[in-house]
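What follows is one structure encoded as structure tokens, with my remarks underneath.
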Amino acid sequence: MDRLIYLDNAATTKTAPEVVEAMLPFFTERFGNPSGIYGFGAANKDVISRQRETIARALNAKPFEIYFTAGGSESDNWALKAAAEAYAPKGRHVITSKIEHHAILHTCEYLEKQGFEVTYLDVDENGIVRLDELEAAIRSDTVLISIMYANNEIGTIQPIREIGEIANAHGVLFHTDAVQAFGHLPINVDECHIDMLSASGHKLNGPKGIGFLYIRKGVKVRSFVHGGAQERKRRAGTENVPGIVGLGAAVERAVRTMGERAAREEKLRNYLIGRIEKEIPYCRLNGDRVKRLPNNVNFSFRFIEGESLLIMLDGKGICASSGSACTSGSLDPSHVLLAIGLPHETAHGSLRMTLSEEVTEEELDYVVDNLKEIVVRLRRMSPLYEDFVKRGGVE
Amino acid sequence: MYSEKVMDHFQNPRNVGEIENASGTGTVGNAKCGDIMRIYLDIDENQVIRDVKFKTFGCGAAVATSSMATELVKGKSVQEAMQVTNKAVMEALDGLPPVKVHCSLLAEEAIHAALWDYAEKNGIHIEGLQKPKSDIHEGEEEDEEEY
């Protein structure tokens, strides 16, 4: 029994074989520096341009608005730090939400140390930002709103167009961390009034270590890496040509397969949610049922702790993740689960399973069958469950 | 990340369960931090631990340290059980990752809490035993400054 069922696609995805194939020549054969004058190097400049065009098309953006980075975290850091700095003369107030990725939250904490004020918006019980609260938080010195497109833990999709409209109406820049959404949901930066957008290659079957930041024409954003003239002098350093080619191939593939893939994943997602809710007592689906990434399932199981659950699932060849403290390296459970109002105990017992197009219903049956047994086993071991039963809870 | 012994005690925990009318029970930790341990002791008239059971809500290391701690005190006198420190539990498990050391402290604390309960019920003084704290995490793990 050497099964491997990979349900952690929000953490990273398998690089698609066609993506790897597209990248390979750029390591050993077409390795020239795109800044070279000779054709062997300069040809790679055109290769990069083509990838920029592919990505721009996917967002309804212009190619020169796409800046390659080393990934989502860098894009988030760049967007926030550079925009805050550039717009500081106008004001020093930034608005974000409590459920952002740490690449945003810790960058905001850094900005606070630099003298910026940050408003962290609450979210509702499904993890959605309240538009009236957003609008009320805008002040005359607000320069930037950063709200993620879709949440990495609970999969909730934000009302991005409405947020963009509010930002636009108040003349405030709008950045969105679309690392989980890009390649999985259709995104149109014009329709949604998005000024900056972060994305990462390895969340959409592309390689790790490559991503991009979309910066709308006219937005003043300072250089993030000083040096050569690459990326319109805003992000110096010899281009990661194989990575950029891989990202381009992954985006091309993601756009081509999006509709069918999302439909398939959504069906499997709903099947998995349905079986768990029907067959495992004292569980709670975290996140919005409808406004949800097609591949995201996140449950809390009362009376048990997430890391134990993950180790036992791992023993059955199932890869998943949790928002428990023990998996976060701190004593607090996931800030996202606390922000949607879960008590600590329930937040510690969370399980995230993120599907891919390759997962089958048969595999999910195997997962639920094992999950059921593991939950029973851990509850039998749990003093919290013992107390619950003694208080009259039904086993 | 875990030793084979930790994995073994997590996958096949020893002495899971409850003891009715236990001589002493102790519960330590809190749900906020993600681990709670409860120890039940059955102690005979010669102050020897005849049986011990545990229940734990927590990570792999929390379950494994509970399991190992119960193994180490079983059949021992209450005085000998006092010698079962978190270090002894960790050594018996071939070590724990640094972030999990607090789990072994919790195991020691849970044994002490159960012994305290036993001592109180029977009006006995156990050398070196102090009233257990309910939460061993207090004041621990300050975040480092980041720049």
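Side chains are part of it too, since the values below use all heavy atoms of this structure and drop only hydrogens, waters and symmetry mates. Quick caveat: nothing in here was measured; it's all calculated off a predicted structure. A, B, ... follow the sequence lines: proteins, then strands. Residue 1 opens every chain.
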Any non-hydrogen side-chain atom of B/Y2 less than 4.5 Å from a side-chain atom of A/I311?
yes
Quick one: are B/F57 and A/M381 in side-chain contact, heavy atoms under 4.5 Å?
no
Looking at residues at least two apart in the chain, or sitting in another chain, which of them share a side-chain hydrogen bond (donor to acceptor under 3.5 Å, both in side chains) with B/S3?
none
Side-chain donor/acceptor of A/S308 to backbone N/O of B/G58, under 3.5 Å:
yes
Once side-chain hydrogen bond (donor to acceptor under 3.5 Å, both in side chains) is applied, do any residues pair with A/E74, and if so which ones, sequence neighbours excluded?
A/R235
Treating A/E305 as the side-chain partner and B/G34 as the backbone partner, does any N or O pair qualify as donor plus acceptor under 3.5 Å?
no
Are side-chain heavy atoms of A/Y385 and B/K55 found at a separation under 4.5 Å?
no
Neighbour count above 12 (heavy atom, 6.0 Å) for B/K87 NZ
no
Answer yes or no: are there more than 12 heavy-atom neighbours, outside A/R380 itself, under 6.0 Å from its atom CZ?
no
Look at B/V63, B/T56, B/I36 and state which one has the largest set of heavy-atom pairs under 4.5 Å with chain A.
B/T56
Taking 4.0 angstrom as the limit, do A/K390 and B/E18 come out as a salt bridge?
yes
Segment of A/R377 engaging chain B (4.5 angstrom heavy-atom cut-off)
side chain
Ion pair present between B/R38 and A/D387, side-chain N to carboxylate O less than 4.0 angstrom?
yes
